[in-house]
Amino acid sequence: METRNIVLITGVSRKEGLGYETARQLAGQGYKVIITARDYQKAAHLAATMQEDKLDVVPMELDISNAESITKCVQHVTERLGRLDVLINNAGVMTDFTSTIATADLGVVKACFDSNVFGPWQATQAFLPLLRKSTQPRIVNVTSGMGSYDDPDFGLHHFPGVLTTYALTKLTFNALTVKAAKELKDEGILVNAVCPGFTATYEGLKEQGARPVEEGAKSIVWAATLPADGPTGGFFRDGKSLPW
Ligand SMILES: NC(=O)c1ccc[n+]([C@@H]2O[C@H](COP(=O)([O-])OP(=O)(O)OC[C@H]3O[C@@H](n4cnc5c(N)ncnc54)[C@H](OP(=O)(O)O)[C@@H]3O)[C@@H](O)[C@H]2O)c1
């Protein structure tokens, strides 16, 4: 039986991404980390890099928009490890930068909802039986301050009218977090939403004021490592509550 805490992170295909850095930090704390990507080779390459540093990281293929891919990944984790302690729903897309309510192509909007809402929802449903085998199960949903009404910098009431589609998907993902937390509370499963803050995961973002990926990932790690009496149904950045 695996004695380390087991965490699975979705959307780990880039070394610059939050998923990779979250994996690196959790593995550094002694977690067994399953990193997943829809392109297996990308996850395998990143896992090999961390394994060179003696970190316990396992790559798997997982496309959260594909039910068959999810079923295969769940089977793989079940056969290999038999349980899951933490699910980090990190995968997501940021498309349609200039969409507005008046002009958005609703086909593109639906595809964005598929990736940012229905994908993690589907993954959560599929991994729940494995999470229920854990003594301290956690779900961390990586959302965004853009999905809040009142985040002073990025909230719907404050941020200029771009990235409308993305904001609406993350707002829905926040709401899903609240409902899931209520539903799973009696089973001891903590479910929280985390905004990593504006993080430099792509070239040019640092110059626009984005913070280092190490800092963004810390917020996710905080929610993944909460104690049994930790909060559930909350929305956090840097371990502090954010306004919805
Ligand atoms: N960076 C920020 O400032 C910031 C702020 C707030 C929230 N976030 C959130 O943080 C998360 C990570 O973002 P990031 O900045 O680190 O960018 P990123 O590296 O592009 O991370 C997104 C990941 O999601 C994966 N993905 C997309 N659709 C998928 C699917 N159907 N199945 C599996 N994987 C899929 C992408 O993989 P592919 O390579 O296969 O496309 C990529 O690895 C996202 O949810 C994002 O919305 C980021």
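Counting from 1, the numbers follow the sequence of the chain as shown. Numbering of ligands and ligand atoms starts at 1, following listing order.
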Element-labelled atoms of ligand 1 that are located less than 4.0 Å from some non-hydrogen atom of T143: 6 (C), 7 (C)
May I ask you to check whether S99 and T165 show a side-chain donor-acceptor distance below 3.5 Å? yes
Atoms in ligand 1 with a heavy atom of G17 nearer than 4.0 Å: 16 (O), 19 (O)
Any N/O pair L18/ligand 1 closer than 3.5 Å: yes
Geometric N/O contact G11 with ligand 1, under 3.5 angstrom: yes
Closest heavy-atom approach to atom 3 (O) of ligand 1 among T199, V213, V194 is made by T199
Closest to atom 8 (N) of ligand 1 (judged by heavy-atom distance), picking from Y202, F118, Y166, Y20: Y166
Rounded to the nearest 0.5 Å, how far does CD of E2 lie from NZ of K32? 4.5 Å
Within the structure, does I64 bring an N/O atom to less than 3.5 angstrom of an N/O atom in ligand 1? yes
At a 4.0 Å threshold, what atoms of ligand 1 neighbour a non-hydrogen atom of F198? 3 (O)
Short N/O distance, under 3.5 Å, between K42 and ligand 1? no
Strictly under 4.0 Å, does any heavy atom of K170 approach an atom of ligand 1? yes
Atoms of ligand 1 less than 4.0 Å from S65 heavy atoms? 31 (N)
Under the salt bridge (Lys or Arg N to Asp or Glu O under 4.0 Å) rule, what do R211 and D238 come out as? Steps first, then yes or no, please. CA-CA 12 Å; R211 61 186 185 162; D238 298 327; 3.1 Å; yes
Could an N or O of ligand 1 be found under 3.5 Å from any N or O of P196, whether backbone or side chain? no
Under 4.0 Å, heavy atoms only, figure out whether ligand 1 is touched by the backbone of A91, its side chain, both or neither. both
Show, in sequence, the C-alpha distance, side-chain angles and deciding distance for D53 and R24, and conclude whether the salt bridge (Lys or Arg N to Asp or Glu O under 4.0 Å) test is met. CA-CA 10 Å; D53 292 333; R24 210 185 56 77; over 6 Å; no
Any side-chain donor paired with an acceptor under 3.5 Å for D114 and S65? no
Would you please classify the geometry between the W244 ring and the F235 ring as parallel, tilted or perpendicular, with 30° and 60° separating the classes? parallel
Tell me whether the NZ or CZ atom of R132 lies within the 45° cone about the ring axis of F127 and under 6.0 Å from its centre. no
Rounded to the nearest 0.5 Å, the CG atom of L81 sits from the CD atom of E79 at a distance of 10.5 Å
R38, any N or O under 3.5 Å of ligand 1 N or O: yes
Tell me which part of M94 gets within contact of ligand 1: side chain, backbone, both or neither, using heavy atoms under 4.0 Å. neither
Does any donor atom in the side chain of D85 or S134 lie under 3.5 Å from an acceptor atom in the other side chain? yes
Counting from 1 in the order shown, the ligand 1 atoms closer than 4.0 Å to a non-hydrogen atom of L62 are 32 (N), 33 (C)
Could you list which atoms of ligand 1 come closer than 4.0 Å to a heavy atom of G197? 2 (C), 3 (O), 4 (C), 5 (C)
Near V142 (heavy-atom distance under 4.0 Å), the atoms of ligand 1 are 9 (C), 10 (O), 11 (C), 45 (O)
Looking only at side-chain N and O atoms, does T100 offer a donor or acceptor that is under 3.5 Å from a partner on T103? yes
Is it the case that T10 and N90 place a side-chain donor and acceptor less than 3.5 Å from each other? no
Using a 4.0 Å heavy-atom cut-off, which part of V93 comes near ligand 1: side chain, backbone, both, or neither? side chain
Any nitrogen or oxygen of S13, side chain or backbone, less than 3.5 Å from one on ligand 1? yes
